[in-house]
Every structure is written in structure tokens, then in C-alpha cells.
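Notes follow the structure.
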Amino acid sequence: MAGHSTYVPASGFERWLDSRLPIMRLMHDTMTTFPTPRNLNIWYTFGGILTFCLAVQIVTGIVLAMHYVPSADMAFNSVEGRIMREVNYGWLIRYIHSNGASMFFLAVYIHMFRGLYYGSYKAPREVIWILGVLIYLLMMATAFFGYVLPWGQMSFWGATVITSLFSALDQVIPHLGSAITSWLWGGFAVGDATLNRFFSLHYLLPFVIAGVVGLHIWALHVPGNNNPLGIDVKGPQDTLPFHPYYTVKDAFYLSLFLILFAAFVFFAPNFFGNPDNAIQANPLVTPQDIVPEWYLLPFYAMLRSIPQKLIGVLVLVGALVTLVFVPWLDTSKVRSCRFRPLMKQCFWLLVLDCVMLGYVGAQSADAALSLGGMQLPLVWLARLGTAYYYGFFWLIMPIVGLIETPKALPESIAKAVLGAKAKA
Amino acid sequence: MATATKPEPTRRDFLYLATGAVGAVGAAFAAWPFIDQMNPTSAVLALASIEVDITSIQLGQQVVFKWRGHPLFVRRRTPKEIAEARAVPVSELIDPVARNANLPDSAPATDANREFKPEWLVLVGVCTHLGCTPTVSTPQSPQGDYGGWLCHCHGSQYDVAGRVRKGPAPQNLAVPPYSFTSDTKIKVG
Ligand code: HEM
Ligand code: FES
């Protein structure tokens, strides 16, 4: 792990370079010989998949930016007319970029739930987790700015609703919130100035994300990977070199992921899209139902579940900020849910809860579920879901860790994987 | 430096602190232009007022104009609607103040404080929750329970004076600064 370099320069040039800029040594130590637990499963391939997604968004985004015009008059036509119909392969590049955002979030959610399940946020990996939360927040900001760019109805009204979240601050300090929204908009409403600055930020943030990903991986390479058993690596018998074992495993699952990605791009390119966004922005008419992109729906449901503006906004922000504290909320000494019978159930309930919140977030504000003639307003489901989300992190995590009796942990990764005859 | 007793502050300590303080103040001043550039430009601020002709608006009808990038509602209320709005006691309202830019901040949200002429209601069509445009309620297509407006985004409801009656919106729809320049024209902003 950190500190033990096994790099041997192979040529005169490499020796010369190594004593001036040891970049080959860095690559070798982090991507070739890096000792990696031998029991990593499919859920550990999503880090690599995420890196790939970021690269795809940057490459396709730079190409789109060559044809896109960030102005309220021209933006819609530059996307729907020029990029989609006139630019050679413009449709393909746009569909890769727009579906790429969804695939990116699919991967990041799997990656985050993986971390929760195997306790990867626990000491000594707290900083890795917190950097991950930061990346997630930056991704949401980037995707939000990007979604505004095609300047459809949902772009415009999504931008209006999200930026207006800040106006809740008026209820804390009068006029503060309104001052912030007009500063964000560069006007009295979302308009040309807003679109321009969102384009600038949409171009910038992915590179900031790339920087934080660098820190995330640097922090990972200090203690090394956690693993599905959640126990520490005891020696070389527990690990394999990253290359070829995990380079190939990552590449294999990346290929499967790309099949899914391509299926959306070629067979259902508008599956994640909203038909209202094929209508040019109209500041005078709000669409019947404002729905954010699917990856923001659970938080949107939380916002709508509260009938008071400021509290609603605080509940939404709090749900995200909560994630930062996870390393200290979990009191268990055992990392992996494989050995935590009670926590395992609570975890799967959380997954279900998030899916349910997502479903509720996609329905209209006054929708109800009819159960055998009874009308159950969905807002109550959202309240229940919000309560469980907060309860999971702030009550279940600390309490279950104290009262649960974990199952016996295996002696070592090698013993668990290779059987009793292996060296412990 | 291993010293057991706390050393006296030296000239050097003073210089460090003073340099740091000057640097911090300088950095704050240097940051301001980069923050302030995001505020509305002088050209945007200059475009702030419009004049609209209300001759063709029918009784019971609402027409939407555009003011400062926002929808501007001009609604010509029926006698029944006016009577309904006047009958609501201020104590029943979520937001008890008029939110009328033409009156003092503390004016109560009585119906009379929401307009210059009972028949003409002029409002900024921006839901005070998160900025959607509420849908107007008419006898043919009622929206919500208060006869005014319903915001589809998160379900806020407003009455026939544009006062919020059901959250999450915290405030009444704003009455913009305006005046009647003649019987058929109003100037907004
Ligand atoms: C973290 C990486 C990124 C994410 C999650 C992301 C997300 C998005 C999303 C959701 C859209 C709206 C797609 C649509 O509805 O058509 C979009 C549009 C756009 N993005 Fe990105 N993006 C990323 C990186 C980039 C980069 C690096 C650039 C430029 C250098 C870029 C340039 C654009 C442009 C020009 C558009 C408007 C054209 C369009 O709507 O298809 N993006 N982005
Ligand atoms: S914006 Fe009108 S209720 Fe939320």
C-alpha cells in the first residue's frame, strides 16, 4: 500500500525520468502492482465504471460545446435543430451525453449503496467517503446546470424551482434569499444571463470533479480497498496485484455496463427524458407537472412532503448533509453487513425506501393511491419515507451498532476465500 | 524550539500578524468584483417598467403579460368574487400582510389593500414557494378550493385576492408597484 514502491525502471530513459518526475513509478504502484484484496466482487467494479462515465461526459460534452449556443434565443434551436439534425452524428453524441448522465448516476448510486452495505466509510476510510459525498454533490450540480442548457420547458422551470430554494432564506433574514436568487439569475428571473453562467459552470465543474476523484483515489490508496468481508488485509496471502486481476475484472463488467448504456442510446434514447423538454422554454407557462430528472426524485419527494417552505428546504439539504456524518453515526465494530443480521435488514429497507421516495417524487403533488376504495394521499408515503431516511442514519445506525450481536468474522480473507488449508 | 515559558511577542510576530491581516482584507476587496459581476447588469435593471392596455379584458377573465421576465396577472374580478374576497377575515390568513409594493410593509392583507380598484387585481404571477406560475381558477375550470389560483408544482392555493390559503407557499402573491395612467392603461414598475 502507500509507501512501498516496487517499481524498477526498465530502461535508461525510465531511470532518467524517474529521478526527475517519478510519474511512471506512480502509475506502476497505483495501477499495476497495487495489492488488492482477492475477494472483491462485482460491486467493486463500479469505481472504474464511474471513472469511465466521467471521461465519456467530458469528451461528448466538449464536442457538444463546439455546436451549442448559450443564449436564450438560440440555445433550444442549437440543440434540437443544429445538433440533433444537422451536425454529423450530433444526435449520437447528444444521446450519449444525456443518457450518460443517467448511467453516471445509476453507477454512483450502486457505488454508494455498496459502500453503505460493506461499511466502507468506517475507519480508516472516512475521508474517502466524505470526498465521495463531495463528488456526488458536484455531480448533482453539474447535471442540474447541464439540464438547463437545452432550454426546454423543464430546463427553464427546473432552474426556476431549484434556484428558488435559496429564497427560503428570506424566512431567516428578510431579503437575503431574494438577493441570492437575483444574484444567481443575473436578473429578475431565470433568463439569458442565467443560461450563460450555467453553461460556464457546466463546463467547469466536471474538471473539478476530476480533481476530487484524484483525491478520492489517493485517499483510497493509503489504507487500500475495503472488501465484502469488511476485515483487514493481514498479508500478501490476502491480496492480488491490481493488474491483471482487477484490470480485467473491471473491463469485463464495464463491457456489460456499456451494453446497457448502448441499449438506451440506440433503442430508448428518450427513456429518461421528459417530453416537456422538447418544447422551448416559455417563462409565462409552467408545465402541468414539474418533475426533476429521476436521480433527484427522492429528494424532491422529501421537499414536497413538508407543507412549510423553509422546513421543506432544510429537510432536503439535511438529507444530503447527513451523508457526511455517516462514518461517525455507525457505532458498530463490524464493517460488513454480511455479519450484521439486523443492519442488513435495515439497509435493504433503506434501499426500498429510496425507491419508494423516487416513485412518489415522480407523481403529481396531490396524487393519491387507492387501496380498496380508500384514498391514501401520496404525500403521507413521502412523509413516512422521509422519516425512515432520517431515522436510518440518525437512530438506527447508532443504536443497532450497540445492540446487535454480529456473526463470527472469518479469520482472514485468504481462509474465507481459499478454504481452511490456506495460510491465515 | 523547546521553550518552557511563553515567549514575549516579538517584532517579528507583529509583522506576521499585520501582513496576514492586510492580506486578508486585500483578498476580500479583490473578491468583491468577482462576486458582484453576477448581479443584474445595468441594462437589465433599466428595462424594469412596462405599460399595458386592459381595454379588452372581460369580466371574470385573467390576462397574462410579461414583466421583468415574470408573468404579470391582470384579473378583472366579478362582483361575486369581490364579495367573496372581502368576506375573509384577516385572522384566517396564512400571511396577514398585504405584500403590496404601493403600501407600507405593515399594511394588513385585507382585500382592499390588495388593489387600487376592486375590479382590477394586478399580481406578479410567481408562486411564493419556488417560483412556478399558478393556474387561474374559473367557474368553468375550478382550481383548488379558494377560487383564486392553484400552483401545480407543490400544491399551494391562493384566493381571489391572490392571498395564500394553503402552503407550502409562505406569502401572498406580490402586488407590483403600479398605477393607472388612464381608465384603460396601467404602468407597472
Ligand atoms: C460530470 C459530467 C457531466 C454531466 C453529469 C453532464 C450532464 C448533462 C446533462 C444532464 C445535460 C442535458 C442533456 C439533455 O437533456 O440534452 C447536459 C447537456 C450539455 N452538456 Fe453536459 N454533463 C457533464 C459534462 C459536460 C462537459 C465536460 C461539457 C463540456 C465541456 C458538457 C457540455 C454540455 C453541453 C454543451 C450540453 C447542452 C447540449 C445538450 O443538451 O445535449 N457537459 N449535460
Ligand atoms: S412553486 Fe408553487 S407550490 Fe411550489
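The structure presented is a predicted model; accordingly, all values stated were derived computationally and were not measured. In what follows, chains are A, B, ... by sequence order, proteins preceding strands, each numbered from 1.
Considering only heavy atoms from C-beta on, B:P71 stays 4.5 Å or farther from A:P283 through its side chain. Side-chain contact check for B:P170 versus A:Q308: every heavy-atom pair is 4.5 Å or farther apart. At a threshold of 4.5 Å between non-hydrogen side-chain atoms, the residues B:F65 and A:L284 do not count as touching. The shortest distance between side-chain heavy atoms of B:C132 and A:T160 does not fall below 4.5 Å.
Environment of OH in B:Y16: sparse, with no more than 12 heavy atoms of neighbouring residues, nucleotides or ligands closer than 6.0 Å. Applying the 6.0 Å contact sphere to CG of B:D36 captures more than 12 heavy atoms from other residues, nucleotides or ligands. Within a 6.0 Å sphere centred on NZ of B:K117, other residues, nucleotides and ligands contribute more than 12 heavy atoms. The 12-atom threshold is exceeded at OH of A:Y390, counting heavy atoms of other residues, nucleotides or ligands nearer than 6.0 Å. More than 12 non-hydrogen atoms from other residues, nucleotides or ligands lie less than 6.0 angstrom from CE of A:M140. Taking a 6.0 Å sphere around CH2 of A:W380, one finds it holds 12 or fewer heavy atoms contributed by other residues, nucleotides or ligands.
Heavy atoms of A:W183 lying under 4.5 Å from chain B belong to its backbone as well as its side chain. The parts of B:I35 that come within reach of chain A are both its backbone and its side chain, each placing non-hydrogen atoms under 4.5 angstrom from that chain. Only the backbone of B:T128 comes within contact range of chain A, with at least one heavy atom under 4.5 Å from a heavy atom of that chain. Residue contact with chain B, scored on non-hydrogen atoms closer than 4.5 Å, involves the side chain of A:S167 exclusively. Of the two parts of A:L303, only the side chain, counted from C-beta on, holds a non-hydrogen atom closer than 4.5 Å to a non-hydrogen atom of chain B. Contact annotation for A:Y300: only side-chain heavy atoms (C-beta onward) come within less than 4.5 Å of a heavy atom of chain B.
Taking every heavy atom of both residues into account, A:A189 and B:R68 meet most closely at CB-O, 3.9 Å. In this structure, A:F188 and B:V44 approach most closely via the heavy-atom pair CE1-O, 3.9 Å. Considering all non-hydrogen atoms of both residues, B:P40 and A:G187 come closest at CG-N, 3.5 Å. The two residues B:H152 and A:Q288 have their closest heavy-atom pair at CB-O, 3.2 Å.
Judged by distance alone, the side chain of A:K309 and the main-chain N or O of B:H129 form a donor-acceptor pair under 3.5 Å. A:R197 places a side-chain N or O within 3.5 Å of a backbone atom of B:M38 that can act as its donor or acceptor partner.
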